[in-house]
There are 2 protein chains.
Amino acid sequence: MHGAGRIKIVDVASEAGVSVTTVSHVLSGRRPVSATTRARVEDVIQRLGYQADPSARGLRTQRTRTLGLVVPDITNPFNTAIAAGMQEIALAHEYLTVVCEAPMDGPHLPAVIRQLVARRIDGIVVGRYGATRQDLDRITASGSKLVRLGGPLAPGLGDVVRAAETEGMYDLVSHLVGRGYRRIAYIGGARGVEPGEERFVGYRKALEAAGLPVHQELVAWTSFTREGGRAGATAVLTATEPPDAVVCANDLIAIGALDTARAAGLRVPDRVAITGYDDIEAASLVSPALTTVLNPAREIGRSAAQLLLDRLEGEGSGPAREIVLAHRLVPRESA
Amino acid sequence: MHGAGRIKIVDVASEAGVSVTTVSHVLSGRRPVSATTRARVEDVIQRLGYQADPSARGLRTQRTRTLGLVVPDITNPFNTAIAAGMQEIALAHEYLTVVCEAPMDGPHLPAVIRQLVARRIDGIVVGRYGATRQDLDRITASGSKLVRLGGPLAPGLGDVVRAAETEGMYDLVSHLVGRGYRRIAYIGGARGVEPGEERFVGYRKALEAAGLPVHQELVAWTSFTREGGRAGATAVLTATEPPDAVVCANDLIAIGALDTARAAGLRVPDRVAITGYDDIEAASLVSPALTTVLNPAREIGRSAAQLLLDRLEGEGSGPAREIVLAHRLVPRESA
DNA sequence: CAGGTTATGCAAAACGATTTGGAGAACGCG
DNA sequence: CGCGTTCTCCAAATCGTTTTGCATAACCTG
């Protein structure tokens, strides 16, 4: 019924003919143990399948060997790819990863952070959204290590991992220029939303570098949805001198733009090229398949976990660090 | 730095002028406490923001107040929707949810299960895939509660939650019949894979019920991919007497079938209707948008968590239970 | 071989909660 | 008023580790 006789460290000790102290030391390596003793103990551990009780260990060490990830939407594949990356690194170090959903609407974030802190989660990765200074402070004040996904690098707010949005868009637009496109329009999502702004900067810089002007009538701001893409595309495609390419701030917008182009009878990419950003699954499933840019989400997760583990296993303090990861261009049919 | 002075139960006790025992009792309600004392203690708890240390509590109670979900692919939105549903219920009971990825290839599953069991996770939900009897036994033997997503209801193997695949497909095909389609083809994924087989049964039964024959030349078996859909559609659409509708075992197959139809110049749904199954995000993004069936993943997660909590908080034993959830037809443009 | 290191292992004290056997107070009843 | 019940609350034991102060044993070094 109730796990009958789960073996404990004293069982291992007596079976191996040593004290529990010694077993603990071969486990942690905090004090030297002779090679022969160590071998005997390890053999017994193996044979009995001993695993330290995490609660007992946690009580003593004040550590849970657990990493947390907080995201606004757990069903978004980006976020889960980040989680998968974290788990990959964490499991190798015998850490568990818990991913928590804290939707943007309402005060979910503080509540979830409180939960994680109360649980003594060793390291917490906070996704990119409205985390207040107070929320983040609560994490660091509790002794948990913090990594943010994006945002400025500030002392006392943990390390940062982010993707090179600006550079990714720069590469994409340069790619289009290289393929001969000259009048390149831009459809952005809502103004002022961080990743979107950075992408727009990349767009401007790429045009600049190619000696092309930024036509005001060729940039439209809408929302990060398919509907927004439709609206933006109508605006941009009806310009007095229409564009030969439309780059969109994300894939959903691009799919909307595809709708408008199809409705208008414009063949893609022959008459007009359309590109997305993020490489969501649907990007490769629509037709023509979208040329887009891949967000290195899994790699972001790996890096974040590694940063946390460095702080936890190695020196806890030290200056805040930032890791910037490159995006990857994914050329497909739509350009 | 290190959480400075986290308050413990003795702090609460002294502040409230009672013993720690009393505080514990008002927390657990295992022994009566006078109304006035209870009020005073609860007030102090509130004011000081006391939260019991989970390790200490876990050490004593042998419980972690944590639920686990094991899935083959964490980036699959189905699986994360299940996780979201679990978390919704779990959080309300102050339980945490951890979701672990154990890919199908290789012996990941036993390793992950070992991890969870070693961590004393109170309840574990195992997704639908090759879990051996031995894997599952390890869970129940450890004292953790088990819920499986699909599979037969067997004593000693925990409770089961599953979606009504057969009925879902039955409804879909009946829907087509109701709209006047008569020669309805079927493209299945690999033979012998459980959910696929059940869906095929639903297809057969629906035709039967409508008094329509199952034409052998109108059913094709391929793989659960877009490529499979293309191949299956070519086979089925070139039958001597072509179908007026093609139902596919999942959305990816349907998207592939859409490709073939488009390539052959067959307008959808005018010349031929095409339907999917699962309602992945892309189903609504392709054009024409796919008529499909929604897998109640979030609801599955909720039910699974509820089953576990029932066992954990209420009576632990009792006969194995099974919850079957209905699918929901999502009519869109492709039919 | 004396004296000083270094290796090795033990016993006991934490860690912070829950739970149990009782002690003392309050109360009802004859 | 005496006695038994019921309310309250307390002190102490317990959960399974890690860690620290010591006691040996083993090993150099001159």
Side-chain angles (χ1 to χ4, degrees), chain A residues 2-42 44-45 48-65 94 117-120 122 142-143 312-313, chain B residues 2-42 44-45 48-65 94 117-120 122 142-143:
Chain A
H2 50 74
R6 183 155 166 156
I7 51 168
K8 331 179 242 195
I9 201 172
V10 310
D11 301 324
V12 174
S14 75
E15 175 78 11
V18 299
S19 76
V20 298
T21 313
T22 305
V23 177
S24 178
H25 284 152
V26 356
L27 245 28
S28 67
R30 298 184 67 88
R31 274 198 192 173
V33 172
S34 80
T36 70
T37 308
R38 160 183 308 272
R40 196 167 66 246
V41 170
E42 276 171 347
V44 172
I45 287 178
L48 269 50
Y50 167 73
Q51 296 241 210
D53 181 303
S55 293
R57 168 176 285 178
L59 175 56
R60 184 63 228 240
T61 62
Q62 304 292 27
R63 289 286 187 77
T64 52
R65 297 189 82 83
E94 305 229 271
V117 165
R119 288 263 184 171
R120 282 219 158 77
D122 297 328
S142 79
L312 290 169
E313 310 269 86
Chain B
H2 52 73
R6 183 153 164 156
I7 51 167
K8 335 181 240 197
I9 199 171
V10 312
D11 301 326
V12 174
S14 75
E15 174 78 12
V18 299
S19 76
V20 299
T21 314
T22 305
V23 177
S24 178
H25 285 331
V26 354
L27 245 27
S28 68
R30 298 185 69 87
R31 273 199 190 172
V33 172
S34 79
T36 71
T37 307
R38 160 182 309 270
R40 196 168 66 245
V41 169
E42 277 171 346
V44 171
I45 288 179
L48 269 50
Y50 168 73
Q51 297 242 210
D53 181 301
S55 294
R57 167 177 286 179
L59 173 57
R60 185 64 227 242
T61 62
Q62 305 293 24
R63 290 287 186 76
T64 52
R65 296 188 82 83
E94 304 229 273
V117 165
R119 288 261 184 172
R120 281 218 159 76
D122 298 327
S142 78

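Every chain is numbered from 1 and lettered A, B, ... according to where its sequence line falls, protein lines coming before strand lines.
For the pair A:S34 and C:dA7, the criterion of a side-chain N or O lying under 4.0 Å from OP1 or OP2 is not met. In this structure, B:R30 does not reach the C:dT18 phosphate: none of its side-chain N or O atoms is under 4.0 Å from OP1 or OP2. The shortest distance between the side-chain N/O atoms of B:T22 and the OP1/OP2 oxygens of D:dC10 is below 4.0 Å. Remark: A:Y50 is in phosphate contact with D:dT17, judged by side-chain N or O atoms under 4.0 Å from OP1 or OP2. Contact between the side-chain N/O atoms of A:Q62 and the OP1/OP2 oxygens of C:dG16 is found at a separation under 4.0 Å.
Put simply, the side chain of A:R57 and the base of D:dT17 share no donor and acceptor less than 3.5 Å apart. At a cut-off of 3.5 angstrom, the base of C:dA11 holds at least one donor-acceptor pair with the side chain of A:T21. For B:R60 and C:dT18, a side-chain-to-base donor-acceptor distance below 3.5 Å is present, hydrogens and geometry of angles not being considered.
Each of B:P32 and B:A56 was matched to the nucleotide of DNA chain D holding its nearest heavy atom; the match closer to the 5' end belongs to B:P32. Heavy-atom distances to DNA chain C give each of A:R31 and B:D53 a nearest nucleotide, and the one nearer the 5′ end belongs to A:R31.
The minimum heavy-atom distance between A:R119 and B:R65, with the atom names listed, is NH2-O, 2.6 Å.
Between B:R120 atom CZ and D:dC15 atom P there is a gap of 12 Å when expressed in whole angstrom units. Rounded to an integer number of Å, the gap from B:I7 CD1 to C:dA17 P is 9 Å. The distance from atom CZ of B:R40 to atom P of D:dT8 is 13 Å, rounded to the nearest whole Å. For the pair B:R119 CZ and D:dT17 C1', the computed distance is 15 Å after rounding to whole Å. With rounding to whole Å, A:H25 atom NE2 is found 9 Å from C:dG9 atom C1'. In this structure, the CZ atom of B:R38 is 14 Å from the P atom of D:dC7, given to the nearest Å. In this structure, CD of B:Q51 is placed 12 Å from P of C:dT18, rounded to the nearest angstrom. As a whole-Å value, the separation of A:L59 CG from D:dT18 C1' is 10 Å.
Residue A:T37 places its side chain closer to C:dT8 than to any other of D:dG16, C:dG16, C:dT8.
B:S28 comes within 4.0 angstrom of nothing in the nucleic acid, heavy atoms only. At the heavy-atom level, A:V18 lies under 4.0 Å from the strands shown only through sugar-phosphate atoms.
Between B:V18 and B:V33, every side-chain heavy-atom pair lies at or beyond the 4.5 Å cut-off. Residues B:E42 and B:V26 have side chains in contact (heavy-atom distance under 4.5 Å, counting atoms from C-beta outward). A 4.5 Å side-chain heavy-atom check between B:I7 and B:E15 finds every atom pair outside the cut-off.
The pair A:D53-B:R120 meets the salt-bridge criterion, with a side-chain N (NZ, NE, NH1 or NH2) lying under 4.0 Å from an Asp/Glu carboxylate O.
In this model, a donor atom of one side chain and an acceptor atom of the other lie less than 3.5 Å apart for A:S19 and A:T22.
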